[in-house]
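Just below is one structure, and these are the notes that go with it.
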There are 2 protein chains.
Amino acid sequence: MAEHGRGVAPSVRAYESLRAAVLHGEFRPGQALKPQELALAHGVSLAVVRECLLRLVGEGLAERLPNRGFVVPQAGDARWQVIAEARAAIEPTMLRMAISRGDLEWETRVRAAHHRLARTPPFERDDDVHFSDAWAAAHHAFHRALLDACGNDVLLDTFERLWTASELSRRWSAASTPTRDYLAEHRRLEQLALSRQGEAAAAALADHLAVTAAALADQATPAGHPPEDA
Amino acid sequence: MAEHGRGVAPSVRAYESLRAAVLHGEFRPGQALKPQELALAHGVSLAVVRECLLRLVGEGLAERLPNRGFVVPQAGDARWQVIAEARAAIEPTMLRMAISRGDLEWETRVRAAHHRLARTPPFERDDDVHFSDAWAAAHHAFHRALLDACGNDVLLDTFERLWTASELSRRWSAASTPTRDYLAEHRRLEQLALSRQGEAAAAALADHLAVTAAALADQATPAGHPPEDA
DNA sequence: CTAGCCCAGATAATCGATTTTTGGAAGAAC
DNA sequence: GTTCTTCCAAAAATCGATTATCTGGGCTAG
């Protein structure tokens with residue numbers, strides 16, 4: 001019934017809009033999120049904007065500087081590398097758990113998610129540097145489906161948090177994205193998971209993430225140019 | 001200058017007070033956190049209380065039910081077991097990283113934190129069921145010091161989040177706490193870490209957490225025997 | 001000429017009041 | 001006797017305005 005934003009509370013509408021804007025990179029990392037402007041832009045009061053910003057802070061999509069307002073958190077190659085390492089430390093273990101606990105329902109959802117991901121074009125017609133929204137959603141859904149059967153909602157919450165942070169940093173990464181064969185990596189993950197090869201699947205997922213980190217390290221360390229210069 | 005709450009912003013004072021109250025178990029899990037009462041009790045307006053509650057939601061110390069206010073999240077044996085499993089999935093890996101990356105500074109802090117923990121009495125005179133605040137702080141500091149050298153602030157943030165959730169659930173757990181030899185387990189962790197035995201230390205930490213989960217599972221099993229049997 | 005001080009503009013934090021939503025109770029229809 | 005509708009009080013969400021705080025530019029003393 002919620003076809004447009006009609007009927008939805010203003011705070012929800014403003015929150016989702018602002019969240020999408022940050023994730024889409026409409027504000028630069030470090031840029032101030034000015035309540036005044038946002039309130040005007042969304043047609044709500046300062047208090048509502050403040051609430052949205054607080055919620056974004058809770059998700060890691062904004063940072064609060066006391067008495068100095070809110071800014072978009074640091075994002076970029078270095079940050080992405082740290083997040084990829086964290087994911088590489090956590091997600092393989094989750095995948096092992098999921099493979100040992102998953103039932104037929106899980107297998108079915110993994111297969112469905114992979115099918116959608118494989119059939120969704122990664123890029124839109126006029127843009128070959130940023131992934132399409134549809135592909136990003138399918139990508140998220142596939143990884144989530146893989147881990148869903150781990151049976152631990154605390155770990156799944158952690159996964160969601162890291163995924164969000166990862167998406168924000170990827171958006172601001174200077175690293176080249178299209179150099180890898182995501183299709184093959186995802187197909188391999190699906191096959192190893194469905195054939196219940198826990199160790200091999202965990203290793204493949206660790207690689208999937210380590211390759212990202214390594215590529216970023218290569219690009220980030222050589223010259224070491226200052227990230228912010230005034 | 002900021003020795004008492006004087007000079008500190010009202011929102012900070014109210015936030016810290018409310019956070020401590022929730023962690024100390026002054027509200028039951030599921031109990032409503034009524035803005036009206038809290039505003040009156042802390043001498044601040046509804047807006048400030050609202051901000052505090054939003055921040056607590058971000059930390060996992062409160063839950064938001066849209067249009068129905070805020071409540072203390074579910075806590076207890078079952079929840080603690082889930083959290084312990086999540087920690088067992090993450091922290092051993094972090095410890096391995098810390099042991100391979102830690103320097104002399106890290107060793108020194110681990111040793112100091114362990115000394116303080118070993119010399120802090122776990123219980124206060126008139127209470128032998130809840131750990132003392134000083135011991136809880138030292139316990140946290142020791143575990144944090146162990147993992148500090150992992151070199152990944154995303155993982156460390158995750159640790160802090162899980163620790164907080166763990167503390168809340170432990171407060172509401174019916175499980176018996178004093179049956180274990182924490183002293184020996186912590187000493188063993190310190191020794192293995194300082195002697196750089198990564199695998200053994202990781203295993204010891206996994207045990208440290210698994211024992212908790214197992215004890216809870218025994219007591220929480222649906223058709224199991226009543227907990228008052230020893 | 002430099003360093004420290006002070007003032008003004010801008011921005012964040014807070015407040016009290018108003019509007020909207022919710023859950024339950026009272027009453028009518030079947 | 002049961003079920004559905006209608007109404008109402010309590011609570012959450014939102015607003016506009018006020019107060020406190022920070023930043024940067026200009027001024028004065030040394």
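Throughout, a chain's letter reflects where its sequence line sits, starting with A, and its residues are numbered from 1.
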Generate the contact string for nucleotides 13-19 of chain D. Rules: B means base contact, S means sugar-phosphate contact only, - means no protein heavy atom under 4.0 Å.
SSB----

Residues of residues 56-63 of chain A with a heavy atom under 4.0 Å from any atom of DNA chain C, listed by number, are none

Check the side chains of B:H42 and B:R13 for a donor-acceptor pair under 3.5 angstrom, ignoring hydrogens and angles.
no

I'd like to check the ring pair (Phe, Tyr, Trp, His ring centres under 6.0 Å) partners of B:Y15; sequence neighbours left out, ordered by chain and number.
none

Rounded off to whole Å, could you give me the CG-to-P distance for the B:L54 and D:dA12 pair?
13 Å

The side-chain hydrogen bond (donor to acceptor under 3.5 Å, both in side chains) partners of B:R55 (sequence neighbours excluded) come to none

Shortest non-hydrogen separation from B:P121 to B:S132 and the atoms involved:
O-OG, 3.2 Å

In whole Å, what is the span from the CD atom of B:Q31 to the P atom of D:dA11?
14 Å

Output a table of donor-acceptor pairs, distance under 3.5 Å, between side-chain atoms of residues 45-52 of chain B and any protein atom two or more places apart or on a different chain; print 'none' if there are none.
from: B:S45; atom 1: OG; to: B:A47; atom 2: N; distance (Å): 3.4
from: B:R50; atom 1: NE; to: A:E51; atom 2: OE1; distance (Å): 3.0
from: B:R50; atom 1: NH2; to: A:E51; atom 2: OE1; distance (Å): 3.0
from: B:E51; atom 1: OE1; to: A:R50; atom 2: NE; distance (Å): 3.2
from: B:E51; atom 1: OE1; to: A:R50; atom 2: NH2; distance (Å): 3.1
from: B:E51; atom 1: OE2; to: A:R64; atom 2: NH1; distance (Å): 3.0
from: B:E51; atom 1: OE2; to: A:R64; atom 2: NH2; distance (Å): 3.0

Interatomic distance where NZ belongs to B:K34 and P belongs to D:dA12 [whole Å]
8 Å

Would you list the atom pairs, donor with acceptor, under 3.5 Å between side chains in residues 140-152 of chain A and any protein atom, with sequence neighbours excluded?
from: A:H140; atom 1: NE2; to: A:E160; atom 2: OE1; distance (Å): 2.9
from: A:H140; atom 1: NE2; to: A:E160; atom 2: OE2; distance (Å): 3.3
from: A:H143; atom 1: NE2; to: A:H139; atom 2: NE2; distance (Å): 3.2
from: A:H143; atom 1: NE2; to: A:H186; atom 2: NE2; distance (Å): 3.4
from: A:R144; atom 1: NE; to: A:D148; atom 2: OD1; distance (Å): 3.0
from: A:R144; atom 1: NH1; to: A:E160; atom 2: OE2; distance (Å): 2.8
from: A:R144; atom 1: NH2; to: A:D148; atom 2: OD1; distance (Å): 3.2
from: A:N152; atom 1: OD1; to: A:V154; atom 2: N; distance (Å): 3.0
from: A:N152; atom 1: OD1; to: A:L155; atom 2: N; distance (Å): 3.0
from: A:N152; atom 1: ND2; to: B:V82; atom 2: O; distance (Å): 2.8
from: A:N152; atom 1: ND2; to: B:E85; atom 2: OE1; distance (Å): 2.7

In plain terms, say whether A:R171 and A:E167 are close enough for a salt bridge, that is, a side-chain N and a carboxylate O under 4.0 Å apart.
no

In whole angstroms, how far is the C1' atom of C:dA13 from the OH atom of B:Y15?
17 Å

Are any of the side-chain heavy atoms of A:E63 and A:Q74 separated by less than 4.5 Å?
no

